[in-house]
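Let me begin by presenting the structure, written as structure tokens, before commenting on it.
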4 protein chains.
Amino acid sequence: MDRQLTQRGEERRRQLMAYATSRFAENGFHPTSVAEITEGMGVGKGVFYWYFDSKEALLRAILADAQLDLRRRQRAALADAATPSERIERGIRASMRWSIDHADYFRLFQFAATDERFSDGLRKGESVAVKDAATQLRAAMDAGEIAPGDPVLLSHALLGVHTHLVHLVHRGVLEPTDEVIDTAVSFCLHGLLGRR
Amino acid sequence: MDRQLTQRGEERRRQLMAYATSRFAENGFHPTSVAEITEGMGVGKGVFYWYFDSKEALLRAILADAQLDLRRRQRAALADAATPSERIERGIRASMRWSIDHADYFRLFQFAATDERFSDGLRKGESVAVKDAATQLRAAMDAGEIAPGDPVLLSHALLGVHTHLVHLVHRGVLEPTDEVIDTAVSFCLHGLLGRR
Amino acid sequence: MDRQLTQRGEERRRQLMAYATSRFAENGFHPTSVAEITEGMGVGKGVFYWYFDSKEALLRAILADAQLDLRRRQRAALADAATPSERIERGIRASMRWSIDHADYFRLFQFAATDERFSDGLRKGESVAVKDAATQLRAAMDAGEIAPGDPVLLSHALLGVHTHLVHLVHRGVLEPTDEVIDTAVSFCLHGLLGRR
Amino acid sequence: MDRQLTQRGEERRRQLMAYATSRFAENGFHPTSVAEITEGMGVGKGVFYWYFDSKEALLRAILADAQLDLRRRQRAALADAATPSERIERGIRASMRWSIDHADYFRLFQFAATDERFSDGLRKGESVAVKDAATQLRAAMDAGEIAPGDPVLLSHALLGVHTHLVHLVHRGVLEPTDEVIDTAVSFCLHGLLGRR
DNA sequence: AATGAATGAGCTTTCATTCAT
DNA sequence: CATGAATGAAAGCTCATTCAT
């Protein structure tokens, strides 16, 4: 499906992805049928298969888009940070902010992680992000800013805190304010025993 | 479905749950059909509906069982701990150990969290566990063992670290050794900046 | 299924038939499962098949019982009537009264008439009743009490009036009073043009 | 299911309804499966659900069509009748003629009357017809053409005669000739005692 | 006599996908 | 490009009936 699309075609494709994203996020991937998507957009079923090989391919495309966007945000956040530990903090903040702002994408990530057919694609993106974070952590360790340890493992710990707290926000348990992010950053930097 | 089961019936019910647990964990809930379960067990399809109202009810029963088991393990771990912070550490260790030992249940929890029909049941259990943890955290704060903060929020942070690292173990990224658990505990207690 | 039943067995059989009659009448024959009947009575499924060859056979037995009861009532009504036309009127009254009093049986008759598997059994009973009525009509014609005509066809016309008005009573459109029966009798005897 | 159908679609829908009507009439509604219908027509099972929400909805659509057709015939019959009693007679004749000519529809009406899920829809049509008939009867009473009485109740009596005699024709007991209709009309107008 | 467990064909319905127009 | 129609495998579930105990 490497169709050469006209500008209007690109537009359509994007609309389909946007609409599908909201349906998948709201109803779940399996329960949302292709018919629901095309009918909801008021187009024939053929349109769908003109732009996507399958329902599966559609989700993959959505996920790839989302990951790209997240990466962009993360990169931008690190741009003008002075020290490694500042970069770490900014990375956490940027990731959480993005995840809070993009509830739909976040839900799709969560779902995709439970399904073999999509988790592989996800892993790659995640592993890139983790590697980046690990690089920062290593630099911070080398600079003596943080205690030594396995940078990859610690990156995952950060990710765990990030993911879970964002999830709570989306569930409505926490307000989507900076306070949550502050707490996350503080916890990641000082743990339970450290002072804040 | 409050059927009065004979001993043989109880046995069958347990077998069905055990087999379904492994199939769901391996293939996913949606892709695993009832027929696959009954055929895999060499019984008629009707047997399934003798013991469970629906495929959905089966998963709910499995999840309830799993939560009960986890709770038991957690309670046992806290039994003979002296200080609040010791209780916290033991709680983390017990939870991670259980989650590592019960990969199937853990996967089902992950899936259930993404599906409205099951996440509600899950929340209740989770909220109990979080409340328990928060109680310990509050006690530790009162005893001056850890820095003050929102106990519920921090409990969730612990949960986030726990969940994500266990996930890595099940994905084969990390070895299922105590080292992972040690790192998790250390991170939770000291964060990145603290010494270890 | 010509089982030799003990007295207690006869009792059980009767209970099953009574309970099934009410369930069939309320829910319909097809939608009422054997399990619903046995569970509703608090007995095992084996009991059912001990007393009846099949669900179909059960309904047939119920219908036969009902027809027998109706016949008895009709016979009794005709016992001490002087003239043929009095016998006709009494027959109509007795049939309607019985049908109004036995809503469940009546509903089963209505259903059975739409299903080939049962309608044959019904026909026999109906045809006996019609033949009896026709005999009275013929006698009345011979006695000059009523106008000449095809006695069988007219008997069916009587039956039609009876059936439809009783149906209305059971549907709640008409009150189950003697007034309905009076109107039916009057209509059958005088039609629309006759005086009353 | 408010699908916008093409001409070809309309055609298919009609074919499905026609074929299903004959199957339902012959085998009964419950015993006729959707598969039997689609296989009998040589189309895929999905076609059925493209045109109808469910098997139940199909029958409802058929019944609505049939009622509409019957109403049309009745209306046409009354068009050029001079007196109220002439209208009554024509109404009876038209209804019986239609019911005799449309054995399949008639059988479906009979079945539908025994099933809650369909009887409600039926009632409405029946009640309209009865109300119309009652209006004629009232006019005839006012004109002194027929004896006074409850017009609604008497309309139902007419309906009862109509239904039962038509049923006999379909069962093969009576020939589908005008003689049956003549007898019905005569019975309704004069009853048993009147002269003919 | 009675029970609870088991059977399995068959049901209605869904849905990703294809295709003629 | 786009549509509506068609496909048919497969799903979840029901239920009359049988049978070991």
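- Nucleic acid contact for Tyr51(B): sugar-phosphate only, since backbone atoms but no base atoms lie under 4.0 Å from a heavy atom of the residue.
- Rounded to whole Å, atom C1' of dC1(F) lies 16 Å from atom CZ of Phe48(A).
- Look at Thr6(C) and you'll find a side-chain N or O under 4.0 angstrom from OP1 or OP2 of dA1(E).
- Residues Arg12(D) and Gln15(D) have side chains that bring a donor and an acceptor to within less than 3.5 angstrom of each other.
- Using Watson-Crick or G-U wobble geometry with both donor-acceptor distances under 3.5 Å, dA9(F) finds its partner in dT14(E).
- In this structure dA20(E) sits in a base pair with dT3(F), meeting the Watson-Crick or G-U test at under 3.5 Å.
- Among the atoms of the strands shown, only primed sugar atoms or phosphate atoms (P, OP1, OP2) are found under 4.0 Å from some heavy atom of Thr32(D).
- Atom CD in Glu39(B) sits about 17 Å away from atom P in dA6(E), given to the nearest Å.
- A residue-by-residue look at Lys55(C) and Phe29(B) shows that Phe29(B) has its nearest nucleotide of DNA chain F further toward the 5' end.
- Side-chain atoms of Arg3(D) come within 3.5 Å of backbone atoms of Trp50(D) as a donor-acceptor pair (strictly under, hydrogens ignored).
- dA1(E): no Watson-Crick or G-U partner with both key distances under 3.5 Å is found in any strand.
- Within the 4.0 angstrom heavy-atom criterion, base atoms lie near Val47(D).
- Between Tyr49(C) and the phosphate of dT17(F), there is a side-chain N or O to OP1/OP2 separation shorter than 4.0 Å.
- Taking only distance into account, the side chain of Lys45(C) meets the base of dT17(F) through a donor-acceptor pair shorter than 3.5 Å.
- Whole-Å rounding puts the Leu16(D) CG to dT7(F) P distance at 11 Å.
- Judged by distance alone, with hydrogens and angles left aside, the side-chain atoms of Glu10(D) form no donor-acceptor pair with the main-chain N or O of Leu5(D) at under 3.5 Å.
- Note: CD (Glu11(B)) to P (dG4(E)) measures 19 Å, nearest angstrom.
- Taking atom CG of residue Leu58(A) and atom C1' of nucleotide dA16(E), one finds them 13 Å apart after rounding to whole Å.
- Side-chain nitrogen and oxygen atoms of Trp50(B) include at least one within less than 4.0 Å of the OP1 or OP2 phosphate oxygen of dA5(E).
- Of the two residues near DNA chain E, Pro31(D) and Ser54(A), the one whose nearest nucleotide lies more 5' is Pro31(D).
- Whole-Å rounding puts the His30(C) NE2 to dA16(F) P distance at 10 Å.
- Both Val43(A) and Ala35(C) lie near DNA chain F, and the one whose nearest nucleotide falls closer to the 5' end is Val43(A).
- With rounding to whole Å, Arg13(D) atom CZ is found 17 Å from dG4(F) atom P.
- One atom, CD1 of Ile37(D), and another, P of dG8(F), lie 18 Å apart when rounded to the nearest Å.
- Relative ring orientation between His102(A) and Tyr105(A) is described as parallel, the plane-to-plane angle staying below 30° on a 0-90° scale split at 30° and 60°.
- When the side-chain nitrogen and oxygen atoms of Arg12(D) are compared with OP1 and OP2 of dG4(F), none of them lie within a distance under 4.0 Å.
- Counted within 6.0 Å of CD on Glu36(C), heavy atoms from surrounding residues, nucleotides or ligands total more than 12; the atom is thus considered enclosed.
- If Glu36(D) and Asp53(D) are placed on DNA chain E by their nearest nucleotide, the residue sitting closer to the 5' end is Glu36(D).
- Using cut-offs of 30° and 60° for the angle between ring planes, the Phe118(C) and Phe29(C) rings count as perpendicular.
- Contact annotation: Arg8(C) side-chain N/O to dA2(E) OP1/OP2 distance is under 4.0 Å.
- Gly46(C) comes within 4.0 angstrom of a nucleotide base, judged by non-hydrogen atoms across all strands.
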